[in-house]
Amino acid sequence: MQYDYDLFVIGAGSGGVRASRMAASYGAKVAVCEDRYLGGTCVNVGCVPKKLYVYASEYSAHFNDAKGFGWKVSKPAFDWATLRDNKTDEISRLNGVYEGILDRAGVEIIDGRGKIIDAHTVEVNGKQFTTERILIATGGWPFIPDIPGKTHAVDSNGIFDLAEFPKRLAVVGGGYIAVEFAGIFHGLGSQVTQIVRGGGLLNGFDKETAEFAAEQIQQNGVHIHFNTEVKSIKKQKDDSLYLTMSDGHHLTVDAVLFATGRKPHLDGLGLENVDIKLGKSGHIDVNTTFQTSEPSIYALGDVTGGIELTPVALAEGMALAGYLFDKQPCKVDYSNIATTVFCQPNIGTVGMTEEQARKEYSNVLKFRSNFRAMKHTLGGSQERTLMKLLVDGDTDKVLGAHMVGDSAGEIMQGIAIAIKCGATKTDFDATIGIHPTAAEEFVTMRTPISD
């Protein structure tokens, strides 16, 4: 049968764009449809605007610390509208960049939400297109629990574009998105209260690292309420929001952000028209080649419930395109993927957590350094840095590295290369450090600790 396309991609986020572009480079006829914005979550309401806001939020600490270095700084004033609108302009520029990438690759861009009609047909805006293969790359979508007054809350998509800057903000959630936005708005001048259902932050991260980060975050001024949930939100006459919590406490704020999780963005996709199985979490089940239970339909990225990171989706998109259209093996190595939480201070991590390492290995050596960074000695901040290495005592192989402190993400990228290459603790010890830097601590920790 002659199809309109070799590959029709639903969703022009990181994974969808990469798969589209690479498939076209191998000679495939490709179309991609998108109903919101090119670049997906990362470019529009995720990594990129978040990092821009992180940069903005760090200036308040820089201004304060500058006095200790001899700078006479008058009290700075922050203008939310300037940051918000400059961010919007930059995102518009990036949308154009993505459009240019797809155009130059020969990928047809169709504006609208794709709906699967059958195993080889996609409908967009009432028009049907036939295709040999379909790729679902629609990502995830923020989720707000169904509580009274939920319409007064904002999610992690909408928080970037608030009409007014909230002097008082409640952030609900204990994951990395919640932690990052709590730090952003605190740094910009908001009084931030973070409300966490459990007893700690960042479930799934190295426990000691997460606990250390929580201590520093609270010391920096974010108020965290553990072991409680928001049960209702009521709007007051002055437009403030009155929160009632499960532990009996109440809180009045100007805005409330729910960062309590994301769900696969499958609404209106027409999955009921084909044989696509979903997992218990509601994500699309795929095999090792990203194929769904419907043989002609594939899925990748956040919609499949794997590691929800932009570089992972990019790697998956590249691997799938090579597999389908260039006879390459469809392999993505998910081991030792580094990640950063852009809270303040940053968290950088790669490899195993201590909990994972001790479960899998019988002789784990831990090396740890806890110190106050040099720049804080004059700046006056009491913030501390944590660095940690986990080593298999039998083979000397470095199993994991974790850091809380300035530039943790930048430092961890280099450490990740070493660990990916199978570096040993002896390799770390033999590396001469760059002095004076915080990063040199990773190659000067010599004595394992027993706790």
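Numbers here are sequence positions counted from 1.
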**Nearest atoms (heavy-atom pairs only) where V179 meets C343** = CG1-CB, 3.2 Å

**Request:** Look at the rings of H225 and H249 and say which category their plane angle falls in: under 30° parallel, 30 to 60° tilted, over 60° perpendicular.
**Result:** tilted

**Request:** Only pairs at least two apart or in different chains count here, so list each ring pair (Phe, Tyr, Trp, His ring centres under 6.0 Å) that has a residue in residues 125-154.
**Result:** F8-F129, W141-H265

**Request:** Determine whether T260 and P145 make a side-chain contact, defined as any pair of heavy atoms from C-beta on separated by less than 4.5 Å.
**Result:** yes

**Asked** If you draw the axis of the six-membered ring of F181, does the NZ or CZ of K50 fall within 45° of it and under 6.0 Å from the ring centre?
**Response** no

**Message:** Quick check with a 6.0 Å cut-off and a 45 degree axis cone: is K29 positioned over the face of Y5's six-membered ring?
**Reply:** yes

**Prompt:** If we only count heavy atoms from C-beta on, is the I136 to L269 side-chain gap below 4.5 Å?
**Reply:** yes

**Asked** Is the shortest heavy-atom distance from the side chain of H120 to the side chain of T130 under 4.5 Å?
**Response** no

**Asked** Is there a side-chain contact between N86 and T88, using heavy atoms and a 4.5 Å cut-off?
**Response** no

**Item:** Side-chain heavy atoms of M403 within contact of F442, under 4.5 Å
**Value:** yes

**Asked** Roughly how far, to the nearest 0.5 Å, is CD1 of I417 from CG of N336?
**Response** 12.5 Å

**Complete:** Between F226 and G199 the two heavy atoms that sit nearest each other are CD2-C, 3.6 Å

**Message:** Quick check: closest heavy atoms across Y53 and R84, and the distance to 0.1 Å?
**Reply:** OH-CA, 3.5 Å

**Prompt:** What pair of heavy atoms forms the shortest contact from R262 to I177, and how long is it?
**Reply:** CD-CD1, 4.1 Å

**Message:** Can you confirm whether Y37 sits close enough to V43 that some side-chain heavy atom of one is under 4.5 Å from a side-chain heavy atom of the other?
**Reply:** no

**Prompt:** When the ring planes of W80 and F165 are compared, do they come out parallel, tilted or perpendicular, using 30° and 60° as the limits?
**Reply:** tilted

**Message:** When you compare the side chains of Q236 and D238, does any donor N or O come within less than 3.5 Å of an acceptor on the partner?
**Reply:** no

**Asked** What is the minimum heavy-atom distance between F342 and V54, and which atoms define it?
**Response** O-CG2, 3.7 Å

**Request:** Take E208 and R368, measure what salt bridge (Lys or Arg N to Asp or Glu O under 4.0 Å) needs, and give me the verdict at the end.
**Result:** CA-CA 11 Å; E208 181 181 33; R368 183 180 64 202; 2.2 Å; yes

**Message:** For the backbone of D275 and the side chain of S293, can you confirm whether one donor and one acceptor N or O come within less than 3.5 Å of each other?
**Reply:** yes

**Request:** Answer yes or no: is there a side-chain heavy-atom contact under 4.5 Å between L102 and S20?
**Result:** yes

**Request:** Determine, stepwise, if the pair D247 / T228 fulfils side chain to side chain donor-acceptor pair (under 3.5 Å).
**Result:** CA-CA 6 Å; D247 63 358; T228 189; 3.2 Å; yes

**Prompt:** For the residue pair L251 and A170, what are the closest heavy atoms and their distance?
**Reply:** CD2-CB, 4.1 Å

**Request:** Answer yes or no: is there a side-chain heavy-atom contact under 4.5 Å between F258 and V230?
**Result:** yes

